[in-house]
Visitor: 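For reference, the structure I am asking about is given below.
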Amino acid sequence: MIQPTEKLLEWFRSGHPLDTGVIQSYCRVIARYGNREDAEVLLQLYLEHPEDYRYVLLLEVVMRCGDMELARQLHQCSFVNGKLKEGTPGDVLHVLAYMGHQLSTEYLVDCVMLEDRYLSKDACLALLHMPCEDQHQRLRDKFEQVYGNTLFPEILPALCAKWSPAENMVPKLLAWGEQASVDCNGGLVWGIAMYGTSQKEHIRSMLWNPNWELYGNGTGSHWWAYMAMPMVGLTFSDLIRDLKDEAGLATFTDKASSVQTSQAGLTRSMAEEHRFHVLHDLLQLKLESISHPLRYVKENQESMMNLYQQLFSWSTPHVDDSILGVITNALGMDHVLIERYHQLRSRMELYVSHEIELDALR
């Protein structure tokens with residue numbers, strides 16, 4: 001058992017107030033560096049308080065460090081008659097499927113159909129880890145029922161890749177995104193990203209399109225967009241290049257502005273501002289070191305050192321062509337984004353120091 005796990009156990013048993021942010025930070029580190037022993041002890045702690053969200057956070061470690069025996073223990077304590085026990089969090093569905101424990105696909109699709117947003121999301125994430133041919137017709141019928149609605153089971157579109165080819169489905173999802181609520185469009189992003197690297201340019205265009213609002217506006221859509229990037233092979237270097245390349249920025253801006261002017265009267269400067277907000281908020285998520293919810297997706301491996309240099313270095317001492325210079329030229333030196341990127345720079349510098357320390361310890 002690693003030292004952070006021991007510290008976390010001491011904290012839980014101390015009777016001191018439990019801060020969820022600190023618990024999540026501990027669990028991310030333990031999930032990255034721990035092993036089965038850490039997962040086993042934290043599973044037992046969770047099982048003592050399965051109804052308490054602070055303890056539910058411990059399942060992150062169980063999911064990523066546990067084995068099939070621990071999965072069987074979790075299943076045995078969480079299910080009765082093939083269904084989740086009352087009060088058991090839906091997170092368990094995702095955790096078990098990620099660990100490779102087989103669940104009833106019929107029951108999972110039943111959960112998808114419910115009006116419980118969180119249970120539906122976890123059931124969809126579980127289904128993304130297993131074959132479900134026997135349920136394709138039910139999923140197809142549900143998709144057709146809600147297609148075009150502004151609100152719908154958010155992650156349902158991510159399952160479309162299981163039963164429809166990209167050439168048929170991607171255009172439908174893109175069209176749906178033009179009218180769907182931004183509260184739900186994270187699933188549309190994933191629905192396209194599930195088709196893989198062939199959809200890289202679609203995801204890139206969606207990020208830069210103000211209609212999709214894929215930044216930190218409180219809906220969580222930018223989280224799904226961040227997780228979609230490695231699914232299609234889109235990197236932060238790609239995004240930085242778009243924003244620092246004046247010709248590329250103009251191309252993207254003109255395309256979006258021509259659409260937006262007719263729809264909502266957005267100006268070119270507002271479209272530019274949107275893109276800088278998107279990049280900023282996606283980088284904030286990378287700084288949080290959040291692991292991908294799908295076991296088979298390789299996570300973004302770009303070093304913060306390289307990204308920092310791409311963002312903030314000058315190619316010549318005579319012209320500021322860093323991201324700060326680009327923002328100044330596009331929006332003015334007093335724009336709020338200047339301060340936001342200065343704050344981001346400070347956070348990235350801390351992360352770079354952490355990377356250097358880890359390299360020194362290897």
Side-chain angles (χ1 to χ4, degrees), residues 31 36 39 43 46 50 56 59-85 88-114 116-146 152-166 168-169 173 186-197 199 223-224 227-228 230-232 290-299:
R36 186 192 186 281
L43 173 60
Y46 157 76
V56 175
L59 291 177
E60 173 79 7
V61 178
V62 179
M63 182 172 79
R64 300 185 187 278
C65 298
D67 58 13
M68 289 302 295
E69 175 56 33
L70 293 184
R72 283 190 286 270
Q73 291 181 33
L74 177 59
H75 183 274
Q76 183 177 3
C77 296
S78 304
F79 281 76
V80 60
N81 298 325
K83 299 181 179 181
L84 286 175
K85 293 180 180 178
T88 300
D91 306 64
V92 170
L93 300 177
H94 176 210
V95 171
L96 289 172
Y98 185 101
M99 296 174 74
H101 188 88
Q102 189 62 38
L103 299 171
S104 165
T105 55
E106 180 179 5
Y107 174 62
L108 290 174
V109 174
D110 288 343
C111 293
V112 171
M113 306 297 186
L114 296 176
D116 185 327
R117 177 181 182 181
Y118 299 104
L119 181 60
S120 176
K121 177 204 72 174
D122 286 310
C124 286
L125 288 173
L127 285 167
L128 288 171
H129 284 90
M130 60 182 65
C132 58
E133 288 84 357
D134 60 320
Q135 298 299 312
H136 284 185
Q137 189 58 52
R138 292 181 67 197
L139 292 170
R140 186 182 293 109
D141 291 344
K142 182 63 174 179
F143 176 84
E144 296 298 337
Q145 175 189 340
V146 302
F152 51 90
E154 183 176 13
I155 311 305
L156 174 66
L159 298 170
C160 291
K162 288 182 172 289
W163 51 265
S164 180
N168 294 342
M169 184 54 63
L173 297 180
L188 297 174
V189 174
W190 261 41
I192 295 170
M194 286 300 298
Y195 290 101
T197 55
Q199 305 305 314
W223 187 92
W224 296 102
M227 294 302 174
M231 296 162 69
V232 299
I290 304 171
S291 297
H292 205 281
L294 298 183
R295 182 171 190 147
Y296 47 83
V297 173
K298 184 179 180 180
E299 300 190 26

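These figures come from a predicted structure and were not determined experimentally. We use all heavy atoms of the structure for the numbers below, so side chains are in, but hydrogens, waters and symmetry mates are not.
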Visitor: State whether the number of non-hydrogen atoms from other residues, nucleotides or ligands found under 6.0 Å of Lys85 atom NZ is greater than 12.
Guide: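 Counting neighbours around NZ of Lys85, more than 12 heavy atoms of other residues, nucleotides or ligands fall under 6.0 Å, so yes.
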
Visitor: Using side-chain heavy atoms (C-beta onward) and a distance below 4.5 Å, is Met231 in contact with Leu294?
Guide: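 Result yes, sub-4.5 Å side-chain heavy-atom pair found.
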
Visitor: Rounded to the nearest 0.5 Å, what separates atom CZ in Arg140 from atom CD in Glu144?
Guide: 8.5 Å

Visitor: Hey, are the side chains of Leu103 and His75 touching, using non-hydrogen atoms and a 4.5 Å cut-off?
Guide: yes

Visitor: Can you tell me how far apart CG (Asp110) and OG (Ser104) are? Round to the nearest 0.5 Å.
Guide: 7.5 Å

Visitor: I'd like to check Met63 versus Asp91 (side-chain heavy atoms, cut-off strictly below 4.5 Å). Are they in contact?
Guide: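 They are not in side-chain contact.
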
Visitor: Between Gly191 and Leu173, which heavy-atom pair has the shortest distance, and what is it?
Guide: C-CD1, 3.6 Å

Visitor: Closest approach of Leu119 and Gly90, non-hydrogen atoms and distance?
Guide: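 For Leu119 versus Gly90, the nearest heavy atoms are CD1-CA, 3.8 Å.
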
Visitor: Going by heavy atoms in the side chains, are Leu108 and Met130 under 4.5 Å from each other?
Guide: yes

Visitor: How far does NZ of Lys83 sit from OG1 of Thr88, to the nearest 0.5 angstrom?
Guide: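 That separation rounds to 14.0 Å.
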
Visitor: Check whether any side-chain heavy atom of Glu299 sits under 4.5 Å from a side-chain heavy atom of Ile290, and report yes or no.
Guide: no

Visitor: Assess the residue pair Arg72 and Met68 against the criterion (side chain to side chain contact (heavy atoms under 4.5 Å, CB included)); give the C-alpha distance rounded to whole Å, side-chain angles, the decisive distance to 0.1 Å, and a yes or no.
Guide: CA-CA 6 Å; Arg72 283 190 286 270; Met68 289 302 295; 3.9 Å; yes

Visitor: Search all heavy atoms of Ala228 against all heavy atoms of Val189 and return the closest pair with its distance.
Guide: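 Looks like CB-CG1, 3.7 Å.
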
Visitor: Any salt bridge linking Glu154 with Lys121? Criterion: basic side-chain nitrogen under 4.0 Å from a carboxylate oxygen.
Guide: no

Visitor: Side chain of Trp190, backbone of Trp224: donor and acceptor closer than 3.5 Å?
Guide: yes

Visitor: Heavy atoms only: give me the nearest Ser120-Val112 pair and the separation to one decimal.
Guide: OG-O, 3.1 Å

Visitor: Any carboxylate oxygen within less than 4.0 angstrom of a Lys/Arg side-chain nitrogen, looking at Arg64 and Glu60?
Guide: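 The answer is yes: the pair qualifies as a salt bridge.
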
Visitor: Grab the two heavy atoms, one from Ile192 and one from Gln199, that are nearest each other, plus how far apart they are.
Guide: O-CG, 3.3 Å

Visitor: Step by step, work out the side chain to side chain contact (heavy atoms under 4.5 Å, CB included) result for Leu159 and Cys124.
Guide: CA-CA 7 Å; Leu159 298 170; Cys124 286; 3.9 Å; yes

Visitor: If only atom types and distance count, is the side chain of Lys162 paired as donor or acceptor with the main-chain N or O of Leu127 below 3.5 Å?
Guide: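 Yes; judged by distance alone, with no hydrogens or angles, the pair exists.
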
Visitor: Side-chain contact test, heavy atoms from C-beta onward, threshold under 4.5 Å: evaluate it for Pro157 versus Phe152 and give yes or no.
Guide: yes

Visitor: Can you tell me if Ser164 uses its side chain to pair, donor with acceptor, with the backbone of Cys160 under 3.5 Å?
Guide: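 No.
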
Visitor: Is it the case that Gln145 and Asp141 place a side-chain donor and acceptor less than 3.5 Å from each other?
Guide: no

Visitor: What heavy-atom pair brings Pro293 and Trp223 nearest, and what distance separates the two atoms?
Guide: CG-CH2, 3.7 Å

Visitor: Test side chain to side chain contact (heavy atoms under 4.5 Å, CB included) on Leu128 and Met194; report intermediate values, then the result.
Guide: CA-CA 9 Å; Leu128 288 171; Met194 286 300 298; 3.7 Å; yes

Visitor: Atom CG of Leu84 and atom CG of Leu93: how far apart are they, to the nearest 0.5 Å?
Guide: 4.5 Å

Visitor: Does any N or O in the side chain of His292 come within less than 3.5 Å of the main-chain N or O of Met227, such that one atom is a donor and the other an acceptor?
Guide: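 The answer is yes, because a donor-acceptor pair under 3.5 Å joins these two groups.
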
Visitor: Would you call the rings of Phe143 and Trp163 parallel, tilted or perpendicular, taking 30° and 60° as the class edges?
Guide: perpendicular

Visitor: Should the heavy atoms of other residues, nucleotides or ligands under 6.0 Å from CD of Gln137 be counted, would the total exceed 12?
Guide: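 Yes, CD of Gln137 has more than 12 neighbouring heavy atoms, counting only those of other groups under 6.0 Å.
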
Visitor: Report yes or no: does Asp67 contribute a side-chain atom to a donor-acceptor pair with the main-chain N or O of Leu70 at less than 3.5 Å?
Guide: yes

Visitor: Decide yes or no for Lys142 and Arg138: does some side-chain heavy atom of the first lie under 4.5 Å from some side-chain heavy atom of the second?
Guide: no

Visitor: Start with the C-alpha distance between Tyr46 and Val95, add both sets of side-chain angles, then the distance that settles side chain to side chain contact (heavy atoms under 4.5 Å, CB included), and finish with yes or no.
Guide: CA-CA 13 Å; Tyr46 157 76; Val95 171; over 6 Å; no

Visitor: Quick one: does His129's side chain get under 4.5 Å of His94's, heavy atoms only?
Guide: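 They are in contact (side-chain heavy atoms under 4.5 Å apart), so the answer is yes.
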
